[in-house]
Amino acid sequence: MQLKCQIASNCYKALFVEKCLYMPSSAKATARQRKPIPTYDHLKIEKKWQKAWENNKTYKTEGPSKKPKMYVLDMFPYPSGAGLHVGHPRGYIASDVYARMKRMEGFNVLHPMGFDSFGLPAEQYAIQTKKHPGPFTDKLVAQYKKQLEIIGFSYDWDREVSTHRPEYYKWTQWIFLQLYDAWYDTKKNKARPIAELIALFEKSGNAGVAAATDIREIFSAKEWKGFSAIDQQNILMHYRLAYEGFAEVNWCEELGTVLANDEIVDGPTGPVSERGGYSVIKKPMRQWFMRITAYADRLIEGLDTIDWPNNIKEVQKNWIGRSEGSEIEFQVQIPTNSFSNGQTPPIPHSKNHSSPFAPVSVFTTRADTIFGVTYIVLAPEHALVQDWQNSITNWPAVEKYIKSVAQKDETERMSTDKEKTGIQLEGVIAINPANGEEVPVWIADYVLAGYGTGAVMGVPQHDERDHIFATKYNLPIVDRPLVDAMTITKKVGGSMVTKYKMRDAIFARQRYWGEPIPLIHRADGIIIPVKEKNLPLELPKVKSYQPSGNGESPLAKVKSWVEAGYETNTMPGWAGSSWYFLRYMDPKNNKAFAGEKAIEYWKDVDMYVGGTEHATGHLLYSRFWHKFLFDMDYVPTPEPFKRLKNQGFIGAADGRKMSKRWGNVINPDDIVKNYGGDTLRVFEMFLGPFDSHLPWSTESIIGSRRFIERVWRLSENVADGVSEKNVEKVLHKTIKKVTNDIQQFAFNTAISSLMICLNEFESASAKGYGVTKKDFKLFLQILAPFAPHVTEELWQHMEANRRVSMDGTRHDSAESSIHLSAWPKYDPKLLIEDEVTIGVQVNGKVRAELTIAADASKEAIESAALALPRIQEFLQGKTVKKIIVIPVRIINIVI
RNA sequence: GCCCGAGUGGUGGAAUGGUAGACACGGAGGACUUAAAAUCCUCUCUACAUUGUAGGUGUGGGUUCGAGUCCCACCUUGGGCACCA
């Protein structure tokens, strides 16, 4: 086709289609020797300055100092093999623009980058290639870094961290041990060392110490001392913030591992793993947990103290799912006294109650409807159902029902309009404590074992779901008066309680590529932590990365590891990312996760930028860990991220997600090569509001490139002298707007105002006024955060001796970098307009314009407006009823 | 079903209750050029008519001198949660 591009004779469209080399317009001009403008060679300029900044450590963060601090952080990436597409850097560019402005404003800016480098893709690679995932991960990290570097970020790479490095995960393990050795004191409402709990038990037993999980039995100090070490350990497990337990987990046979809920997606025939699309089933398994539920209230309340987008706050609130209600006991009459010992927790000396009545606790937010109860329903998995099996006259049918529920796969359970099923427990009768009425007891799949008490009261009159169920099974529906919820709860001996949807987080993966959990299981069953001086507990070498298939991690096949008693589970992906922002404060410290001085100085993250997809994962877990560290006095603030901004993602031009699968991925490397890193940065910021999802458009990137070229060309026409007044005015307006807009993350309007300013410069220049060097330098400074390379280049030329022609090789000194210059201040005097043009409305419709002194009085505006011939026409033969004058804005004449 | 958010030209979008469509892409015309590209200039919401008039920010109401913006109802759409008692 038209391959004339060697002399820049092709259009930009063809440039992209044909991928021929971009040659800027000025090249031709130079060749024709019309104007002696050196070519804007983005490749050369950008490479030169990236190197210079690196050599001069331009962006080096100072240690704790007297300067005010500013911690600007990106959510660090997982270095995947797919690499970056143009959507990824958007958040990084935004935070970099912000960090650059703050640096110029005089803050000591901490703007680091690192890698979340433990994870499943590297594990899959190891399984497939039978090679260690470490070197593979290191390679990906290096690739990622390279991709990032050409965009010109102002990171202090000396502070880089990677979560898979032992010197880093040593401290992940250390924090885990702090959590293991801590419990949550619900009275003081904070975490405390477990040793203090043990001391309490030894002094006065557990009376008055609320357990985090259900322990009904009260023991004395004497009894505590009489318990075996194993029994004591089991009791403490109910309190520890990191604890061992069993849980139904999402088991994936093909991956041989357990998956988190967010690693599962809906498949055509049921749930499947996000990676690989393998089917997933439920399976009970030994796990480590994080007791995040202990912090549920504080995680909700803390949201009021931080400057985050509302939707993220809402998502977190919904996820935690606090609901306040009543817990009320219904006595259930059972004919025989036989109990089989079912799934009760492993509490010593559990008493066998022998009574014809057994209490069933129900949770309701509508205790006011209690007189309308016509039945109660338990979850099929409810422990009492098993306890009662000898009393249930239709037990075979009940048992069959329970089994059928258990066999239902996830999709069936989750389907929205699934019909509710259930079966009555014949032979047992519950008594409504409010009125003594006898009501039947049912089990049904719509009651969840994991929420509330696993039992509900059925009030068909007031609850839609109960109504459907009652209608289906012909249960009575009665209309009874409502009563006061709190009063009736007290009257029937119940209590007001708060329940949460959020569950404790599973903190174990049956995988190789994660942090080893630093615990030792002794032969006698006692668990002991690895001593701090022996951390990090490094991952051992393994022969095979293949999961064992029985649910244990590859570590279970390492003889020495197992013989030493080491825990074979590893930590989940979110372990390392829950505290990495603290490590950046003091990344090389080998005595602590970060030194006290550094933590005291940097405190918390001032500006955190990342995607919304982490709302219920990383952003919640980090807050939880941070609050824990705060309780233990390791960090000075209760919240880790003061301000949060979410970037919207960039989709492909075809409206789909950018993905290899659709072949619509635009690689930032190509854009940088063809248009330059500065153009990419300006374009991504100009595209639209930062938090909007936007389609990529290679068609319109040319606008940003033209903008930079015009700046470049204008630099040739600046001179010493006196500024034209209008130019100065627009410039200072722009300084104000850009400053405010960057502060607000309104980058698109910041760039638009820079373009307006440039337009003004150009038209002044065309009129022969010229633009002064002083004004142009101010312009370069406010453009610098967006286009750091080209502004540095032009800045250096301005700074350099003007007798030397611009050939881009000299006068490059770090001391005079534009990025370390002081952020311009606008002159308020210049913003005052002498004259303004306002609209003149008649009955709300603009009929004329009026140019008048900005400080004109209302009366003056009024009479000037009425005097306009055009307005006179409208007013002919009419009476003016009312005139509204808003000085500087508008005047409205009502007739 | 519940909880957030969004609907503005051909396109991305702008607009403290105050002249809707800034800025940019695309398009049309012109200048320069042997020619093209690049660059520069002009126009570009719609309909009608030669200065203008009328309509116009998803739909229908409302508040107001004045509504893209506030209120009510609805439609469409994106996201989150989802039998949560």
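Letters A, B, ... are given to chains in the order of the sequence lines, protein chains preceding strands, and every chain is numbered from 1. Excluded from the calculations below are hydrogen atoms, water molecules and symmetry mates; all remaining heavy atoms, backbone and side chain alike, are included.
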- [ ] Could you check whether A:F686 gets within reach of a base, just the sugar-phosphate, or nothing at all, counting any heavy atom under 4.0 Å?
- [x] base
- [ ] If the glycosidic angle is within 90 degrees of 0 it's syn, otherwise anti, so just tell me which one B:rG21 is.
- [x] anti
Task: Pairing nucleotide - B:rG5, Watson-Crick or G-U, each distance under 3.5 Å - done: B:rU77
Task: Euclidean distance for C1', B:rG5 against B:rU50 (whole angstrom) - done: 48 Å
TODO: Spell out, as yes or no, whether a donor-acceptor pair under 3.5 Å connects the side chain of A:D691 to the backbone of A:Q647.
DONE: no
TODO: Give the ring-plane orientation class for A:Y473 versus A:W442, where under 30° counts as parallel, over 60° as perpendicular and anything between as tilted.
DONE: tilted
Task: Watson-Crick or G-U wobble mate for B:rG12, both contacts under 3.5 Å - done: B:rC23
- [ ] Just call it for A:D466: base, sugar-phosphate, or nothing, with non-hydrogen atoms closer than 4.0 Å on any strand.
- [x] nothing
TODO: For A:Q841, report the nucleic acid contact type (base, sugar-phosphate, nothing); a contact means any heavy atom under 4.0 Å.
DONE: base
Task: Along RNA chain B (nearest heavy atom to each residue), the more 5'-positioned of A:I751 and A:I886 - done: A:I886
TODO: Could you tell me which nucleotide pairs with B:rG56 by Watson-Crick or G-U wobble geometry, both distances under 3.5 Å, or answer none if nothing does?
DONE: none
Task: Proximity to the side chain of A:M755 - top-ranked nucleotide from B:rA85, B:rG18, B:rC23 - done: B:rC23
- [ ] Just call it for A:V377: base, sugar-phosphate, or nothing, with non-hydrogen atoms closer than 4.0 Å on any strand.
- [x] nothing
Task: Nucleotide B:rG12, atom C1' - distance to CG of A:L687 in whole Å - done: 6 Å
Open item on the list: Between B:rG18 and B:rA67, how many Å separate the two C1' atoms, rounded to a whole number?
Closed with: 10 Å
Task: A:N646 vs B:rG79: side-chain N/O to OP1/OP2 distance below 4.0 Å - done: no
Open item on the list: With rounding to the closest Å, how many angstrom separate the P atoms on B:rC72 and B:rC81?
Closed with: 27 Å
- [ ] State whether the side chain of A:K501 and the backbone N or O of A:I320 hold a donor-acceptor pair below 3.5 Å, judged by distance alone.
- [x] no
Open item on the list: Side chain of A:L448 only, heavy atoms from C-beta on: which candidate in B:rA24, B:rA85, B:rG12 is closest?
Closed with: B:rA85
TODO: Could you tell me whether A:R870 contacts a base, only the sugar-phosphate backbone, or nothing, with contacts defined as non-hydrogen atoms closer than 4.0 Å?
DONE: sugar-phosphate
Open item on the list: Nearest to the side chain of A:E699, heavy atoms from C-beta on, is which of B:rC23, B:rA14, B:rG26?
Closed with: B:rG26
- [ ] Sticking with atom P, work out how far B:rG30 lies from B:rA49, rounded to a whole angstrom.
- [x] 25 Å
- [ ] Could you check which of B:rU39, B:rC23, B:rG12 has an atom nearest any side-chain atom of A:R706?
- [x] B:rU39
Open item on the list: Pick the closest RNA chain B nucleotide for A:S752 and for A:G844 by heavy atoms, then say which residue is nearer the 5' end.
Closed with: A:S752
Task: Pairing partner (Watson-Crick or G-U wobble, both distances under 3.5 angstrom) of B:rG29 - done: B:rC41
Task: Among B:rG18, B:rC23, B:rC81, the one nearest A:I756 by side-chain distance - done: B:rC23
Open item on the list: Counting only side-chain heavy atoms from C-beta out, which of B:rA24, B:rG18, B:rC3 sits nearest to A:N892?
Closed with: B:rG18
- [ ] Describe the nucleic acid contact of A:E464 in one word from base, sugar-phosphate, nothing, applying a heavy-atom distance below 4.0 Å.
- [x] nothing
Open item on the list: Can you measure A:M502 atom CE to B:rC81 atom P for me and round it to whole angstrom units?
Closed with: 15 Å
TODO: Using atom OH of A:Y451 as one end and atom P of B:rC81 as the other, report the distance to the nearest whole Å.
DONE: 17 Å
Task: Spacing of A:E709 atom CD relative to B:rC40 atom P, expressed in whole Å - done: 9 Å
Task: Rounded distance in Å - NE2 (A:H693) to C1' (B:rG78) - done: 7 Å
Task: side-chain N/O A:N748 vs B:rA14 OP1/OP2, d < 4.0 Å - done: yes
Open item on the list: Ignoring hydrogens and geometry beyond distance, is the side chain of A:N311 in donor-acceptor contact with the base of B:rC4 at under 3.5 Å?
Closed with: no
Task: Among B:rA85, B:rC3, B:rG18, the one nearest A:V456 by side-chain distance - done: B:rA85
Task: Contact under 4.0 Å: A:K845 side-chain N or O vs B:rG55 OP1/OP2 - done: yes
- [ ] Report yes if at least one side-chain N or O of A:R705 is closer than 4.0 Å to OP1 or OP2 of B:rC25; otherwise report no.
- [x] no
Open item on the list: Checking the side chain of A:D368 only, and the main-chain atoms of A:A485 only, is there a donor and an acceptor separated by less than 3.5 Å?
Closed with: no
Open item on the list: Tell me which nucleotide, if any, is Watson-Crick or G-U wobble paired with B:rA85 when both distances must be under 3.5 Å.
Closed with: none
Open item on the list: Using a heavy-atom cut-off of 4.0 Å across all strands, would you classify A:F690 as base, sugar-phosphate, or nothing?
Closed with: nothing
- [ ] For the residue pair A:F690 and A:F747, categorise the inter-ring angle as parallel (less than 30°), tilted (30 to 60°) or perpendicular (more than 60°).
- [x] perpendicular
Open item on the list: Can you check the distance between B:rG1 and B:rU8, where both ends of the measurement are the C1' atom (answer in whole Å)?
Closed with: 31 Å
Task: Closest listed nucleotide, where the reference is the side chain of A:T749 and the choices are B:rC65, B:rC23, B:rA14 - done: B:rA14
Open item on the list: I'd like the P distance from B:rU69 over to B:rG17, given in whole Å.
Closed with: 11 Å
Open item on the list: Please check: side-chain N/O of A:Q872 versus main-chain N/O of A:L866, any donor-acceptor pairing under 3.5 Å?
Closed with: yes
Task: Interatomic distance where CZ belongs to A:R889 and C1' belongs to B:rA15 [whole Å] - done: 10 Å
TODO: Take atom CG of A:L620 and atom P of B:rC81, then tell me their distance rounded to the nearest Å.
DONE: 12 Å
- [ ] Quote, to the nearest angstrom, the P distance that separates B:rA6 from B:rC71.
- [x] 12 Å
Task: Among B:rA54, B:rA20, B:rA85, the nucleotide that comes nearest once only the side chain of A:R847 is considered - done: B:rA54
Task: NZ or CZ of A:R623 within 45° of A:W308 ring axis and under 6.0 Å - done: yes
TODO: Take atom P in B:rU57 and the same atom in B:rG7, then report the distance between them in whole Å.
DONE: 14 Å
Task: side-chain N/O A:T837 vs B:rU19 OP1/OP2, d < 4.0 Å - done: no
Task: Atom-pair distance (CE on A:M685; C1' on B:rA24), nearest Å - done: 16 Å
TODO: State plainly whether the residues A:K420 and A:D445 are in salt-bridge range, i.e. N to O under 4.0 Å.
DONE: no
Task: A:R847/A:E873 salt bridge by N-O under 4.0 Å criterion - done: no
Open item on the list: Looking only at the side chain of A:F363 (C-beta and beyond, no hydrogens), which of the listed nucleotides B:rA85, B:rG18, B:rC25 gets closest?
Closed with: B:rA85
Task: Electrostatic pair A:K767:A:E762 at N-O distance under 4.0 angstrom - done: no
